[in-house]
Student: 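Pasting in a structure now, in structure tokens, and then I'll have a few things to ask.
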Amino acid sequence: MRHIISVLLENESGALSRVSGLFSARGYNIESLTVAPTNDPTLSRMTIVTTGDDRKIDQIEKQLNKLVDVAALQDITVAGHLEREVVLVKLKVSEDQIDKLKQIAKGFNASLSDVSTNQFIVEMSGSCEKVDELLNSLSNSEIIEVARSGAIGLAFGEDALVVPQP
Amino acid sequence: MFEILLFSPSSVYSKKQDGDTVQLTGADIVVKSLKEEGVEYVFGYPGGAALHIYDAFHRQDDVEHILVRHEQGATHAADGYARSTGKSGVVLVTSGPGITNAITGIATAYMDSIPMVVLSGQVMKPLIGYDAFQEIDAVGISRPCVKHNFLIQDVKDIASTIKKAFHIATTGRPGPVLVDIPKDITAEVAEFLYPETCELRSYQPLIKEPLPNEIFTAVEAMLNAKQPIVYSGGGIVAANAQESLREMTNKLGFPCTNTLMGLGANAHSDPNFLGMLGMHGTYEANMAMHDADLIIALGARFDDRITGTLHNFAPDAKVLHVDIDPSVIDKNIKADIPIVADLKEVLVAFNRELDRREKDINPELIKDWWETINKWRSLDSLWYNYDEEVIKPQFVVQKLHEITGGQAYVTSDVGQHQMYAAQFYGFSDTHRWINSGGLGTMGFGLPAAMGVKFAHRDADVACITGEGSIQMCIQELATCKQYDLPVKVINLNNRYLGMVRQWQEFSYEKRYSNSYMDSLPDFIALAEAYGHVGMQIDKPADVEGALKEAFAMKDRLVFMDFITDQQENVYPMIESGKGHHEMRMRPGSKNLS
Ligand SMILES: Cc1cc2nc3c(=O)[nH]c(=O)nc-3n(C[C@H](O)[C@H](O)[C@H](O)COP(=O)(O)OP(=O)(O)OC[C@H]3O[C@@H](n4cnc5c(N)ncnc54)[C@H](O)[C@@H]3O)c2cc1C
Ligand SMILES: Cc1ncc(C[n+]2csc(CCOP(=O)(O)OP(=O)(O)O)c2C)c(N)n1
Ligand SMILES: [Mg+2]
């Protein structure tokens, strides 16, 4: 099963390598991992997309929690949640395919930037699944490069990832 | 100013006192912080990046620095000190090779959850990242084998970071913490104020008490069990919970077994004690685990040396698992009744509940179970035959027990001798058996014994070792000389890397690839060269006399080289891929009819 785990991490040097080191040392899968500061400058929020059976995910969460730099974590996939990924695709299209490209972009609510002769960057944000679909639809064009941000997300409802008060 | 501080740190050692604040160099702050933590001994080895700190040691005598002969020795000595006292061990090393040499000992402590604070010098801050002389990323290289680590960036953070390091190392599930300190900040000056507490919002080791319903459910399961076994491990040692454990097992009359790390929790003489379990555990302990209907796991982590293959493990057992570390629960074995809390508190609560329900304790319920266990016991799975001609290693360990009244601190290295020590010494208390179980580090025994001796000057300290292992940290004999540490080294010399040879005998059709120790040193001469007493014993009849003589030499280190049976093996054994009920017994063992 695919899980999205959000982690509040102390904004300390080395904190990121503790998490990535944990995943490689214990052989856990990482589909994507993103990290950036939050509104609180002392905390970063990391989002990890991983896969595994319940026992594996249980271990991943417990091992993450054991890291001294981890302030809190939440598996946002256990209930309703909003998941977003940003993708940028640079591609080359011949004159006669431009309209087709515009159509695809419109269908995905993606924006197009004209970056060079016959070259465009398609930009879209959506669930990872949506991003896959977009890439699929573009697979007939000449894709030069793809940059995906990896997923981020927030849980619906009252649940929020905050530092627990001692 | 900065330059001056950097190159002549002694010139800044003038304690300026204005009002209440004390201005000190970073190096002095390091040493004063250790004093504040109540540290008696720091085990270390100097080098460039640590020299300001060494200079600070020179101008005080509150904290004693012990000069070892190799940084691995420093970590094992600190570890032995920690294991025998329950306090954190402390290590000081320099950057680069200093810290890389220390890694094996840090990993050893990590695997066995031993509290330790390691201070390492680092190159000056402006040089970090430039492949400077003796620069190594200490935080990076130690990360997989520490509970946590720090690189201090500012002289003002030294005291608070050391405070945090001790706090993290000693609370929750203990473990080693590394503090890397760039050289330049040890020369800079800051106000010294040792914090009384430390705030770590992201580190909240369990302070939660066990819940009443957890205790109720657990005790209910105990009272209804027909085939229970209490399986306890290193957590009893860490929690200082031996008395509470014994109180509980006495009330219930349940059979008990200890892991290698938990030996001493139940006295070897306790009739309820079935001995160690696991790969080289007794037949009765392993069979009782296999056939149990309730496993009461207390501070033990279902290591693969215990469980054998998981699909064969205790098929009918309900598992009650108490541990302070949530990640241990359900890791290898699913717990039916998990309790995450400090063992001491849990055991106290169990005992209270058992007192309340005293009338529900029914010994009749486990009568058949004890009958079965006693049948298994009658096999005497540790049996061996005394030999008139060659010394059996087990015999040496048994005699050691007799001569030290079972009260010695016993350290060991890794191999067959370690297993003989575990099986035959017979411990009566926790904190007395000091060995590397999780990492299995050869070279541990002698330096660990030094650490124990510093903590327990008047106690007998024996290091049971093999001729292979002892050579991995033999240089520490010099440290023992310098500090007058009259450890007794019991070298069970079988001229083989015996444990390896045993596996080759059993699993590789006796192809003894590189397990033979050729060109052994003359250990008597070697001990004497280091200024100690050496003895060689090769006749079984001389074993007892030699041990008596050695232990009578209270103020000398005696290196006892016992020439033992080359072909002896450790039995019983669960070979890899086998279950608890499929033990390999010593050839010629009785059968159960
Ligand atoms: C050659 C060799 C052979 C070996 N053969 C055997 C063998 O036959 N049998 C055997 O048992 N081992 C054997 N071992 C050792 C084995 O590898 C493991 O080290 C050992 O089994 C682990 O012991 P443990 O389960 O007690 O865990 P430990 O590593 O001692 O862990 C202690 C546990 O207690 C918990 N804990 C700590 N403090 C507290 C507290 N305050 N409250 C609650 N819980 C706490 C910790 O979280 C941890 O889970 C062998 C090792 C070697 C090198
Ligand atoms: C540092 C290290 N290297 C290798 C091993 C693998 N190993 C385990 S036991 C053993 C043999 C130990 O020989 P010795 O010290 O003579 O003890 P014996 O088994 O003969 O009693 C070896 C090589 C280890 N545990 N540690
Ligand atoms: Mg040997």
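Chain A is the first sequence line, chain B the second, and so forth, proteins listed ahead of strands; every chain is numbered from 1. Excluded from the calculations below are hydrogen atoms, water molecules and symmetry mates; all remaining heavy atoms, backbone and side chain alike, are included.
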Student: Taking Ser127(A) for the side chain and Lys130(A) for the main chain, is one N or O donor matched with an acceptor at less than 3.5 Å?
Tutor: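 A pair under 3.5 Å: yes.
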Student: Which one wins on heavy-atom pair count under 4.5 Å against chain B: Val163(A), Leu43(A), Leu8(A)?
Tutor: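 Among Val163(A), Leu43(A), Leu8(A), the one with the most close pairs to chain B is Leu43(A).
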Student: So for Ser24(A), is it side chain, backbone, both, or neither that comes closer than 4.5 Å to the heavy atoms of chain B?
Tutor: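 Neither part.
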Student: Of all the heavy-atom pairs spanning Thr259(B) and Gly233(B), show the shortest one and how long it is.
Tutor: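 Here Thr259(B) and Gly233(B) meet closest at OG1-CA, 3.3 Å.
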Student: Look only at the side chain of Asp184(B) and the backbone of Lys125(B), and say whether a donor-acceptor pair between them is shorter than 3.5 Å.
Tutor: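 Here the side-chain-to-backbone pair exists.
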Student: Check whether any side-chain N or O of Ser141(A) sits under 3.5 Å from a backbone N or O of Ile143(A) as a donor-acceptor pair, and report yes or no.
Tutor: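 The answer is no, because no donor-acceptor pair under 3.5 Å joins these two groups.
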Student: In terms of heavy-atom contacts, does CG of Asp114(A) have more than 12 from other residues, nucleotides or ligands at under 6.0 Å?
Tutor: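 Atom CG in Asp114(A) is crowded, with more than 12 foreign heavy atoms closer than 6.0 Å.
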Student: Of the listed residues (Val328(B), Leu200(B), Ile329(B)), which shares the most heavy-atom pairs with chain A below a 4.5 Å separation?
Tutor: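 Winner by heavy-atom pair count: Ile329(B).
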Student: Please determine whether salt bridge (charged side-chain N to carboxylate O under 4.0 Å, His left out) holds for the pair Asp336(B) and Lys318(B), giving the CA-CA distance in whole Å, both sets of side-chain angles, and the decisive distance to 0.1 Å.
Tutor: CA-CA 6 Å; Asp336(B) 300 281; Lys318(B) 208 180 202 180; over 6 Å; no
Student: At under 4.5 Å between heavy atoms, what parts of residues 141-158 of chain B are in contact with chain A? List them by residue number.
Tutor: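 At a heavy-atom separation under 4.5 Å, chain A is reached by Arg143(B), Lys147(B), His148(B), Asn149(B).
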Student: Is chain B contacted by the side chain of Asp58(A), its backbone, both, or neither, given a heavy-atom distance below 4.5 Å?
Tutor: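 When you check distances to chain B, only side chain atoms of Asp58(A) fall under 4.5 Å.
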Student: Is Arg55(A) in contact with chain B via its backbone, its side chain, both, or neither, using a 4.5 Å heavy-atom distance?
Tutor: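 For Arg55(A), side-chain heavy atoms alone lie under 4.5 Å from chain B.
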Student: Between the main-chain N or O of Gln134(B) and the side-chain N or O of Ser95(B), is there a donor-acceptor pair closer than 3.5 Å?
Tutor: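 At least one qualifying donor-acceptor pair exists.
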Student: State plainly whether the residues Arg2(A) and Glu83(A) are in salt-bridge range, i.e. N to O under 4.0 Å.
Tutor: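 Looking at Arg2(A) and Glu83(A), the cut-off is met.
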